[in-house]
Amino acid sequence: MVQTLTAPTIQIQRQGAPKRAQDAYGRFMTYLRISLTDRCNFRCVYCMPATGMQFQPRDEILTDEELLRVVHLCTKLGFRKLRLTGGEPTIRPHLVDLIREMKKFPGVEEISMTTNGLLLGRMAQDLRDAGLDRVNVSIDTLDAEKFKLITRGGRLDLVLQGIEAAQEAGMRPIKLNAVVVKGHNEHEVADLAALTFKHDWEVRFLEIMPMEGVGVVYDEGLITSEQTQAELERQFGQLFPVATDPSDPARLWQIPGAKGKIGFISPISAPFCASCNRVRLTADGKLRLCLLRQDEIDFRDHLRAGASDHDLEEMLLAGIWRKPWGHGIAEGDRQIGRGMSQIGG
Ligand code: SAM
């Protein structure tokens, strides 16, 4: 069943509110997802077109200095968790140095990264040493041929080596993300879930979202978390629920006898907007208030025009104040505008 959202009617006043990143519904923003690039070394069928992807010119992407300045301001206003994403974050030059610098900002409790894992095998230890706490690795199937089809050329063996390298480097917990795509991997979810017998990993299944670039695979239709759970229960028997942090978009479950956990992320069938504590910084310096809404605040041009820290702080606070209540997407809707790789998934 697809659930739609109604905004609460009570809003608070900004005047007199503490100087913290907070929206008009009283939600504190503590989690910043930072896109380091819009480029990627995979072309997943639900994310980018096979050919003709338009990438942004390099001079439109925030420089390291600009990026660190915005992130530092965010941490001063209450952001505690930073997640690096993209595009593919591991292809950003100076990634290790960026992590080392971000880790020094007061108030930063955790730095994590969402990655396709391809380059983790050789980078994991350096990233960990610089201060990366953990990774979410995207992996939609354990079948090497299907993996190649979904990622349009990706090598599963290297991704699996990357996950092992992250584990050996001491990153915890290891989380794996699989987008469940009708006609591609909906009958393979059990193989991924079975990894939790051997490892204390969290294997999370995501509903496909109607982003630009999602292509025909979206038109095939949504596999809801409920359907994925039913598929897993056919194989493993009833899952049992596990306590979940309310700000975590995943609802957690466990297979009886497993070490790890299963997560369901259901932005379409059971939106988690009420507990949303996140905003996104795109690689080209826009603060994106909601993944599925076009509203963005431009920082790059202000940075380049010489805005003071005070001006930028005010922009951040005022922008976050107007964060929309919910994503407003229902099953069948087609999102226009920027795709997941351009926003930072
Ligand atoms: N390249 C990195 C990776 O593969 O994890 C980070 C960027 S990728 C855009 C971030 C996440 O978004 C991945 O887990 C990917 O599977 C997910 N994603 C991309 N397009 C999606 C869509 N249309 N619906 C749901 N998830 C999507």
Side-chain angles (χ1 to χ4, degrees), residues 30-37 41-42 64 67-68 71 75 79-140 142 154-178 192-206 242-245 247-250 252 254-255 257-263 265 278 344-345:
T30 55
Y31 185 5
L32 183 66
R33 295 180 73 106
I34 305 162
S35 175
L36 297 180
T37 175
N41 40 12
F42 284 175
D64 292 353
L67 176 69
L68 289 170
V71 175
T75 60
F79 285 84
R80 297 285 167 261
K81 292 188 178 182
L82 307 178
R83 171 172 295 277
L84 309 176
T85 181
E88 174 48 40
T90 54
I91 62 174
R92 168 99 185 197
H94 316 134
L95 174 61
V96 169
D97 299 328
L98 285 171
I99 292 172
R100 195 177 296 112
E101 290 308 309
M102 287 181 197
K103 196 71 177 195
K104 292 180 192 160
F105 296 155
V108 172
E109 289 168 5
E110 182 185 86
I111 304 185
S112 58
M113 182 168 75
T114 302
T115 172
N116 61 31
L118 184 69
L119 301 178
L120 268 188
R122 54 180 148 103
M123 294 177 80
Q125 193 60 57
D126 288 345
L127 296 171
R128 177 74 186 124
D129 293 345
L132 184 68
D133 294 292
R134 59 185 190 83
V135 283
N136 289 29
V137 180
S138 303
I139 179 168
D140 301 320
L142 291 180
R155 274 189 48 190
L156 178 68
D157 58 332
L158 295 180
V159 172
L160 293 172
Q161 280 170 28
I163 297 168
E164 291 293 341
Q167 167 106 353
E168 274 163 34
M171 298 191 202
R172 296 287 185 283
I174 301 275
K175 298 188 185 182
L176 307 186
N177 287 350
L192 286 161
L195 291 171
T196 63
F197 286 112
K198 191 166 168 215
H199 306 280
D200 61 352
W201 298 341
E202 198 176 300
V203 176
R204 297 142 38 109
F205 297 102
L206 284 82
V242 176
T244 312
D245 175 347
S247 66
D248 187 343
L252 296 182
Q254 206 159 19
I255 303 173
K259 287 185 189 165
K261 294 176 191 144
I262 304 294
I265 303 184
R278 62 197 60 194

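With rounding to the nearest 0.5 Å, the separation of CG in Asp126 from CG in Leu95 is 10.0 Å. The CD atom of Gln125 sits 11.0 Å away from atom CG of Leu132, with the distance rounded to the nearest 0.5 Å. Summarising the geometry, atom CG belonging to Leu120 is positioned 12.0 Å from atom CD belonging to Glu168; distances are rounded to the nearest 0.5 Å. For the atom pair CG of Leu142 and CG of Leu176, the computed distance is 8.5 Å after rounding to the nearest 0.5 Å. To the nearest 0.5 Å, atoms CD (Glu110) and NZ (Lys81) are separated by 5.0 Å. From Ile111, atom CD1 reaches atom NZ of Lys103 across 5.0 Å, with rounding to the nearest 0.5 Å.
Side-chain atoms of Met102 and Leu67, non-hydrogen and from C-beta on, do get closer than 4.5 Å to each other. Within the 4.5 Å cutoff, the side chain of Ser138 has heavy atoms near those of the Thr114 side chain. Side-chain contact between Ile99 and Leu84: present, with at least one pair of heavy atoms (C-beta onward) separated by less than 4.5 Å. Two residues are said to be in side-chain contact when any heavy atoms from C-beta on lie closer than 4.5 Å; Leu119 and Glu88 fail this criterion. Between Arg172 and Gln167 the shortest side-chain heavy-atom distance falls below 4.5 Å. Side-chain contact between Phe42 and Val159 is present, with heavy atoms from C-beta onward closer than 4.5 Å. Considering only heavy atoms from C-beta on, Asp64 comes within 4.5 Å of Leu98 through its side chain.
Smallest separation of non-hydrogen atoms from Arg100 and Asp97: NH1-OD1, 3.0 Å. When all heavy atoms of Pro249 and Arg278 are compared, the pair lying nearest together is CD-NH2, 3.4 Å. Contact record, Arg128 with Gly170: NE-O, 3.5 Å, taken as the closest heavy-atom pair. Minimum interatomic distance between Leu82 and Thr75 (heavy atoms only, all atoms of both residues): CD2-CG2, 4.4 Å. Between Ile139 and Ala178, the shortest heavy-atom contact is O-CB, 3.3 Å. Of all heavy-atom pairs spanning Gly107 and Arg80, the tightest one is O-CD, 2.9 Å.
Scored by the side chain to side chain contact (heavy atoms under 4.5 Å, CB included) test, Gln161 finds Leu158 as partners (sequence neighbours excluded). A search for side chain to side chain donor-acceptor pair (under 3.5 Å) contacts involving Thr37 returns nothing, not counting sequence neighbours. Glu109 pairs by the side chain to side chain donor-acceptor pair (under 3.5 Å) definition with nothing, not counting sequence neighbours.
Put simply, the side chain of Lys259 gets close to the backbone of Lys198: a donor and an acceptor are under 3.5 Å apart. Remark: side-chain polar atoms of Gln254 are paired, donor with acceptor, to backbone N or O of Gly260 under 3.5 angstrom. Put simply, the side chain of Arg83 never gets that close to the backbone of Tyr31: no donor and acceptor are under 3.5 Å apart. The backbone N or O of Val242 sits less than 3.5 Å from a side-chain atom of Thr244, completing a donor-acceptor pair.
In summary, of the residues considered (Ile174, Asn177, Thr196), a side-chain contact (heavy atoms from CB on, under 4.5 Å) with Val203 occurs for Thr196 alone.
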Pair Asn41, Asn116 - check side chain to side chain contact (heavy atoms under 4.5 Å, CB included), show working. CA-CA 9 Å; Asn41 40 12; Asn116 61 31; 2.8 Å; yes
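The 12-atom threshold is not exceeded at CZ of Arg122, counting heavy atoms of other residues, nucleotides or ligands nearer than 6.0 Å. With a 6.0 Å radius and a threshold of 12 heavy atoms from other residues, nucleotides or ligands, Lys261 has its NZ atom at or below the threshold.
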